[in-house]
Novice: 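If you scroll down you'll find the structure; I have some questions about it.
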Amino acid sequence: EVQLVESGGGLVQAGGSLRLSCAASEFTFDDYYIGWFRQAPGKEREGVSCIVSSDGSTYYVDSVKGRFTISSDNAKNTVYLQMNSLKPEDTAVYYCAAAHEIPGYGCSPLYEYEYWGQGTQVTVSS
C-alpha cells in the first residue's frame, strides 16, 4: 500500500524555522511530482510548493518564495520542506502528496495528486 508520512510539524515563534519531511513507502519518487499543500481553519487548501523528482525543478507559491525550500533525497525516498522566517499566516495543517509526472512538464499544485499523507500541524505564534 502506497503511503506518504509527514513529520516535523510543531509550534514555533514568528521568525523561526521548521523542516517538514515526507517519507514514501511502497513506491519511489522517480516518476512523480511531490507537492506540499496546506490548509488553515476556514480556508481552502493551498498548494505551497512542489518538486519534480527526476530533475529537481521546483515551484513555490508567491507567499513563500524566498522563505521555503523544497528538496528531495531520492535515495531515502523523502522530500523536505525547509520553512524559514515563519509567519503566523503560515499556520496550517501541511500535507504532502504525489502525482504522476508528465514528461516534459514541470510540477504544479493544480495537477491531480493521487496519494496524500495524513498531514502535520504547523503553528506559528506571533
Side-chain angles (χ1 to χ4, degrees):
E1 179 185 355
V2 171
Q3 280 193 322
L4 296 173
V5 179
E6 304 96 335
S7 61
L11 173 64
V12 64
Q13 288 188 330
S17 298
L18 286 172
R19 188 177 80 156
L20 305 183
S21 299
C22 172
S25 61
E26 302 304 324
F27 80 103
T28 59
F29 285 161
D30 292 352
D31 298 322
Y32 287 84
Y33 305 126
I34 305 298
W36 283 98
F37 297 79
R38 66 186 179 186
Q39 188 163 22
K43 295 188 176 181
E44 292 189 355
R45 188 174 64 201
E46 175 185 38
V48 176
S49 180
C50 59
I51 188 167
V52 183
S53 301
S54 60
D55 66 12
S57 60
T58 58
Y59 159 89
Y60 298 94
V61 69
D62 285 347
S63 59
V64 308
K65 284 180 181 177
R67 301 189 298 122
F68 290 11
T69 303
I70 191 170
S71 61
S72 176
D73 185 338
N74 289 356
K76 294 183 177 181
N77 241 20
T78 301
V79 168
Y80 305 96
L81 186 68
Q82 178 66 45
M83 305 187 296
N84 298 330
S85 302
L86 283 161
K87 304 175 181 179
E89 51 265 42
D90 295 318
T91 295
V93 178
Y94 284 71
Y95 301 89
C96 68
H100 279 287
E101 182 178 336
I102 304 170
Y105 287 81
C107 68
S108 168
L110 299 179
Y111 294 153
E112 181 177 348
Y113 283 72
E114 303 169 65
Y115 306 112
W116 291 82
Q118 83 289 350
T120 186
Q121 177 71 47
V122 171
T123 303
V124 185
S125 63
S126 56

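Just so you know, residue 1 is the first one in the sequence shown, and it goes up from there.
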Novice: How about Leu81 and Ser49: do any of their side-chain heavy atoms sit closer than 4.5 Å?
Specialist: yes
Novice: Among residues at least two apart in sequence or on other chains, which ones pass side chain to side chain donor-acceptor pair (under 3.5 Å) with Ser54?
Specialist: Glu101
Novice: Starting at CG of Leu110, measure out to OH of Tyr59 and round the result to the nearest 0.5 Å.
Specialist: 7.0 Å
Novice: I'd like to check the side-chain contact (heavy atoms from CB on, under 4.5 Å) partners of Thr91; sequence neighbours left out, ordered by chain and number.
Specialist: Gln121, Thr123, Val124
Novice: Do Asp90 and Lys87 sit within salt-bridge range, that is, some charged N less than 4.0 Å from a carboxylate O?
Specialist: no
Novice: Are Val48 and Leu4 connected in the hydrophobic side-chain network, where two residues link if heavy atoms are under 4.5 Å apart?
Specialist: yes
Novice: Walk me through it: do Glu6 and Gln118 pass the test side-chain contact (heavy atoms from CB on, under 4.5 Å)?
Specialist: CA-CA 7 Å; Glu6 304 96 335; Gln118 83 289 350; 2.8 Å; yes
Novice: Side-chain heavy atoms nearer than 4.5 Å, only ILVMFWY residues, links allowed to pass through others: does that put Val64 and Trp36 together?
Specialist: yes
Novice: Does any pair with a residue in residues 105-116 pass side-chain hydrogen bond (donor to acceptor under 3.5 Å, both in side chains), and if so which ones, sequence neighbours excluded?
Specialist: His100-Glu114
Novice: In the single-linkage hydrophobic clustering (I, L, V, M, F, W, Y; side-chain heavy atoms under 4.5 Å), do Ile70 and Phe68 co-cluster?
Specialist: yes
Novice: Hey, what do you get for CD1 (Ile34) to SG (Cys50), rounding to the nearest 0.5 Å?
Specialist: 10.0 Å
Novice: Glu46: what forms a salt bridge (charged side-chain N to carboxylate O under 4.0 Å, His left out) with it, not counting sequence neighbours?
Specialist: Arg38
Novice: I need the Arg45 CZ to Phe37 CZ distance, nearest 0.5 Å.
Specialist: 6.0 Å
Novice: Which value, rounded to the nearest 0.5 Å, describes the distance between Ser72 atom OG and Tyr33 atom OH?
Specialist: 14.0 Å
Novice: Let me check something: any side-chain donor-acceptor pairs from residues 8-27 under 3.5 Å, sequence neighbours excluded? List them with distances.
Specialist:
unit_1 : atom_1 : unit_2 : atom_2 : d
Ser17  : OG     : Asn84  : OD1    : 2.9

Novice: Say whether Val61 and Tyr94 are linked into one hydrophobic cluster, either directly or through other cluster members, by side-chain heavy-atom distances under 4.5 angstrom.
Specialist: yes
Novice: Under the side-chain contact (heavy atoms from CB on, under 4.5 Å) rule, collect the residues that match up with Asp73, sequence neighbours excluded.
Specialist: Ala75, Lys76, Tyr80
